[in-house]
2 protein chains.
Amino acid sequence: MPTVPDDTSHDASPSHRLRERLAPLLSLASTRGDRRLPSERDMMARLQTTRITLREALNELEAEGCVYRENRRGWFVSPPRLRYDLLACLPFHEMVRSQQRSARTLLLSAEEVIAPVTVARRLGLAEGERVYRICRARLVDERRVLYVEHHLLPRCFPAILEFDLARESLTELYRREYGIRVGRVSYELGTCVLSSDAASALNAVRGSPAQRITRINHDQNGRAIDCDDEYWRHDAIELTLSAAPQGV
Amino acid sequence: MPTVPDDTSHDASPSHRLRERLAPLLSLASTRGDRRLPSERDMMARLQTTRITLREALNELEAEGCVYRENRRGWFVSPPRLRYDLLACLPFHEMVRSQQRSARTLLLSAEEVIAPVTVARRLGLAEGERVYRICRARLVDERRVLYVEHHLLPRCFPAILEFDLARESLTELYRREYGIRVGRVSYELGTCVLSSDAASALNAVRGSPAQRITRINHDQNGRAIDCDDEYWRHDAIELTLSAAPQGV
DNA sequence: AACCTTCTTTGGTCTATACCAGAAAGCTGG
DNA sequence: CCAGCTTTCTGGTATAGACCAAAGAAGGTT
């Protein structure tokens, strides 16, 4: 959202004042096509401050989700967040398009590998068993916002790597080609930072704040069939969910 | 100053090496009862670096959830995350105790106020209508990890402010005193930073990364009865959730 | 023993400067 | 017109030093 963070507090610290003076630059940048902010040295000069102080203010705005940066390319104003309904289970492209945004997927790798221990545990595999791993980067309005690592059970999806995985939705493939429908999903959510793999896939800086969404899909019989680890730029999404309580 | 060129065989960046040299301090601190790290100046001297560089490394570790800080008190090693099942809907104290941790609640304020617009919209109120607002800080193992603002419809819960809100669970009160049970919950999740209110309640620095969990409770007829905004220290929880997909 | 004041430590913030490596832009030759 | 090289710009990272305000400890007073 190009909205300037609410600054109504009486706090008059220099850094706070710096944020205020930064605000016009943000709203200016948000009108540009590429949402780009001026260079750090430029802003530093305009705002009469040091680069360290400026970067501290920018880091704060980044944590709030107002701005983000691309590795060695500069700072940008964050677009509005995408709403992600955890239980709707819409394929990525549908979800994005239903919100009048454009979606694109890049296939980074698709291969058979020995299952990492954490994946093996999730899928109920023994040590050393093999899985398909599919790594993809996904873009919303041409901004790289999501890095996903998918791990699938080969016995459920033989030869799935042959399909056009950059264009096809996996859940769609499951149903059309394998007659498998997801009966139950389990999520694990938490904040984290981007690993170097994820960071380079997203043109981000290693260590940027991120939202992790780990999802395990089960078939109609409750057996795990695949799992994926999603790493979102933290300012790119807002999660929603609505259900009846279970524990009662 | 004549900076000595680093050794020829460095495969990691200086900041990476700094993290490695920081590791022993972390494991040392985690054995202390209070999990406290040495002072910044102390660490800086031990690791032969600058305060700015050191703080950058610590900020990174903070973003990863390895360490956290308390305002003007210092740095600490983060305890293991609490698991928070969104659909179990356990009262806080039960959830915490079921994981062999200790829980405590501080009542910060409980009063009748004019509903903020966002709350009014969630609860289906007209502008200017009144609600009860309850603010609490919650501790796990005596660490302040959660700041909650609760907003309730007065017509559903007359005189609820009379109860001992620091000790009683709200959902428990709903059921016992008002015969109301939650029929449906809606969540909105996202990363954010601590507001100054939240920060001071948690002894945190304004602007620390946080996990927001907004929850709207509905009664058996689907009418909203209350909502709460939870702000967690982001390293304190891991969210889980398991359900059947709806959208299919 | 409870309270208040003083002093020291410590984190929070800021200034100023420097060098390196990747990205972008510009140039050049085929 | 394009591929490939070179230069420039820019962010990433680091050093050194400084002041302030809050927290905590120490000590004195009631």
Side-chain angles (χ1 to χ4, degrees), chain A residues 11-22 29 34 36-63 67-76 144 193-194 196 199-200 202-208, chain B residues 1-8 10-22 25 29 34 36-63 67-76 144 193-194 196 199-200 202-208:
Chain A
D11 194 338
S13 72
S15 80
H16 236 67
R17 288 203 308 271
L18 179 55
R19 290 170 53 111
E20 283 167 24
R21 289 181 299 153
L22 219 32
D34 57 1
R36 183 176 215 139
L37 284 163
S39 78
E40 292 184 359
R41 286 174 175 83
D42 184 347
M43 291 193 275
M44 172 186 113
R46 287 199 220 192
L47 303 180
Q48 284 289 297
T49 182
T50 23
R51 244 180 105 202
I52 292 193
T53 304
L54 173 68
R55 281 172 67 89
E56 209 162 276
L58 288 170
N59 278 327
E60 221 175 280
L61 289 170
E62 182 188 34
V67 303
Y68 69 99
R69 53 182 144 170
E70 295 200 6
N71 196 15
R72 289 184 178 279
R73 294 204 339 110
W75 294 88
F76 302 82
R144 297 172 181 233
V193 298
L194 294 176
S196 33
S200 66
L202 299 185
N203 286 346
V205 179
R206 186 184 54 77
S208 303
Chain B
M1 288 301 97
T3 322
V4 179
D6 304 323
D7 62 300
T8 52
H10 60 339
D11 44 287
S13 70
S15 81
H16 235 70
R17 290 205 308 272
L18 179 54
R19 290 173 52 113
E20 284 167 23
R21 287 183 298 155
L22 218 32
L25 292 183
D34 57 2
R36 182 173 215 140
L37 283 163
S39 79
E40 292 185 358
R41 286 173 174 82
D42 184 346
M43 289 192 276
M44 173 187 112
R46 288 200 220 190
L47 303 180
Q48 283 288 295
T49 183
T50 353
R51 237 177 112 206
I52 292 195
T53 304
L54 172 68
R55 281 172 67 89
E56 209 162 278
L58 288 170
N59 278 328
E60 220 175 282
L61 290 169
E62 183 188 34
V67 303
Y68 68 100
R69 55 181 145 172
E70 294 199 7
N71 196 14
R72 289 184 178 279
R73 294 204 337 111
W75 294 88
F76 303 82
R144 296 173 181 232
V193 298
L194 295 175
S196 33
S200 66
L202 299 185
N203 286 346
V205 180
R206 185 184 56 78
S208 302

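Only a predicted model underlies this, so the values are computations on that prediction, with no experimental measurement involved. Throughout, a chain's letter reflects where its sequence line sits, starting with A, and its residues are numbered from 1.
A pairwise comparison of heavy atoms in B/N71 and B/A204 identifies CB-O, 3.6 Å as the closest pair.
If you measure from atom CD of B/E40 to atom P of C/dT13, you get 11 Å, rounded to the nearest angstrom. Taking atom CG of residue B/L54 and atom P of nucleotide D/dT15, one finds them 10 Å apart after rounding to whole Å. In this structure, the CG atom of A/L37 is 10 Å from the P atom of D/dG11, given to the nearest Å. The CZ atom of A/R73 sits 14 Å away from the C1' atom of D/dC9 (whole-angstrom rounding). The nearest whole Å value for the distance from the CG atom in A/N203 to the P atom in C/dG22 is 14 Å. In this structure, A/L18 atom CG and C/dT13 atom P are separated by 12 Å, rounded to whole Å. When rounded to the nearest whole Å, the span between CE of B/M43 and P of C/dT9 equals 17 Å.
The side chain of B/S39 has C/dT10 as its nearest neighbour among D/dT13, C/dT10, C/dG12.
Applying the side-chain hydrogen bond (donor to acceptor under 3.5 Å, both in side chains) rule to B/R46 yields the partners B/D42; only residues at least two apart in sequence or on another chain are considered. The side-chain hydrogen bond (donor to acceptor under 3.5 Å, both in side chains) search around A/T50 returns A/T53, not counting sequence neighbours. For B/R144, there are no salt bridge (charged side-chain N to carboxylate O under 4.0 Å, His left out) partners two or more places apart in sequence or in a different chain. Shown here are the side-chain hydrogen bond (donor to acceptor under 3.5 Å, both in side chains) partners of B/R73, two or more places apart in sequence or in another chain: B/E70. Residues meeting the side-chain hydrogen bond (donor to acceptor under 3.5 Å, both in side chains) test with A/R51, sequence neighbours left out: A/E40.
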Measure all distances between protein nitrogen or oxygen atoms and nitrogen or oxygen atoms of nucleotides 15-21 of chain C, and list the pairs falling under 3.5 Å.
residue, atom, partner, partner atom, Å
C/dT15, OP2, A/T49, OG1, 3.3
C/dT15, OP2, A/T50, OG1, 2.9
C/dT15, OP2, A/T53, OG1, 3.2
C/dA21, N3, A/R72, NH1, 3.2

